[in-house]
Amino acid sequence: MLFWPVVAVSLAGAAGAVFARNLVYAALSLGACLTGLAGLYLFLQAEYIAVVQMIVYVGGILILILFGVMFSRDVLGRSTPPSLGAKILGGLAASAVLVSAGRLAWIISNLPGTGLAATRSPTQTWEGQIASHSQNHLGELLLNGWLAPFLVVAMLLTVVLVAALGLVRKDAT
Amino acid sequence: MSFLPTQSLILAGFLFSIGLATVLVKRNLFFVLMGVELMLNAANLSFIAWSRTFSGPVGLDGQVAPLFSIAVAAAEACVGLAMLLSVFRSKETLDTDRFDRMKE
């Protein structure tokens, strides 16, 4: 019964991030959206991802964005308002993506054997699902099949750290 | 509650569209960055929604992919903000329409 409020918070946060005039408000409603998504991950039995989402997105990226907003002196986000053509183009592209994504989800979820039909069966309970869907396997999976990407991401983060430092150095420009 | 993945996929579609519209319409670089974050989150959500529909090890693969996506998103936000601050320092504006030096 908590599912719909969580969905509403995510959607409202996303809409607020787009339509807010003040950049600080936009960043804060983006935070509401990200928090709502973390709650949604709990509903989808991805507890570990939910925790990572809270730590990395809400605790890291969002704070970084807020810091950047405060740093830029342009807190009100003043810039020329978007032209009508840009608005129409953006709206059209976004609705096209939305329609095709919905259509794709509909087609795939109606295919036999993809499992959506299986999850519709009301046999499983909350507690049983959580117990059976052990998060311990996630770590095993990460260090077995996904080891190479894992190492690449580790190197990427190191490179990014150095690159960001190099970009914002005083004498870089 | 038994058809959560379907609703999550629809929500992911909405979030992606909102993010795309932000990137296309807004002219402040911060809004563009936030739109990109929204789109990445929509992709993560659809990954996890699909992982929920498959049980067993195949399903868990769908939870590993968002981990990498989140790590890359953190890297992207870090470098993106660094570039944004650097650009702001040299041009004193965040309006995307003013960054047209390569057109000349």
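Proteins come first, then strands; the chains are lettered A, B, ... in the order of their sequence lines, and each starts at number 1. All values below were derived from every heavy atom in this structure, side-chain atoms included, with hydrogens, water molecules and symmetry-related copies excluded.
- With a 4.5 Å cut-off on non-hydrogen atoms, Ala20(A) touches chain B through its backbone but not through its side chain.
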May I have the list of side-chain donor-acceptor pairs in residues 143-153 of chain A shorter than 3.5 Å, sequence neighbours left out?
{"residue": "Asn144(A)", "atom": "ND2", "partner": "Glu140(A)", "partner atom": "O", "Å": "3.0"}
{"residue": "Trp146(A)", "atom": "NE1", "partner": "Asp61(B)", "partner atom": "OD1", "Å": "2.8"}

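- In this structure, CD1 on Ile61(A) lies 7.5 Å from CD on Glu76(B), to the nearest 0.5 angstrom.
- Only the side chain of Leu157(A) comes within less than 4.5 Å of a heavy atom in chain B; its backbone stays farther off.
- When Val97(A), Leu62(A), Val159(A), Leu165(A) are compared by the number of non-hydrogen pairs under 4.5 Å with chain B, Val97(A) comes out ahead.
- Of all the listed residues (Ala27(A), Ser95(A), Gly60(A)), the one sharing the greatest number of non-hydrogen pairs under 4.5 Å with chain B is Ala27(A).
- Of the atoms belonging to Leu85(B), it is side-chain heavy atoms, and not backbone ones, that fall under 4.5 Å from chain A.
- In the hydrophobic clustering of ILVMFWY residues, with side-chain heavy atoms under 4.5 Å counting as a link, Val18(A) and Leu89(A) come out apart.
- With a 4.5 Å cut-off on non-hydrogen atoms, Ser10(A) touches chain B through its backbone and its side chain both.
- Neither the backbone nor the side chain of Ala12(B) comes within less than 4.5 Å of any heavy atom of chain A.
- Contacts of Phe16(B) with chain A are made by side-chain atoms alone, with heavy-atom separations under 4.5 Å and no backbone atom involved.
- There is a path of hydrophobic side-chain contacts, each under 4.5 Å, that joins Leu34(A) to Val24(A).
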Less than 3.5 Å apart, which donor and acceptor atoms pair up between the side chains of residues 42-49 of chain B and the rest of the protein, not counting sequence neighbours?
{"residue": "Asn44(B)", "atom": "OD1", "partner": "Ser69(B)", "partner atom": "OG", "Å": "2.7"}
{"residue": "Ser46(B)", "atom": "OG", "partner": "Ala43(B)", "partner atom": "O", "Å": "3.1"}

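- Contact annotation for Leu156(A): only side-chain heavy atoms (C-beta onward) come within less than 4.5 Å of a heavy atom of chain B.
- No part of Leu92(A) comes within reach of chain B, as not one of its non-hydrogen atoms sits under 4.5 angstrom from that chain.
- Looking at Ile65(A), the atoms closer than 4.5 Å to chain B (heavy atoms on both sides) sit in the backbone and in the side chain alike.
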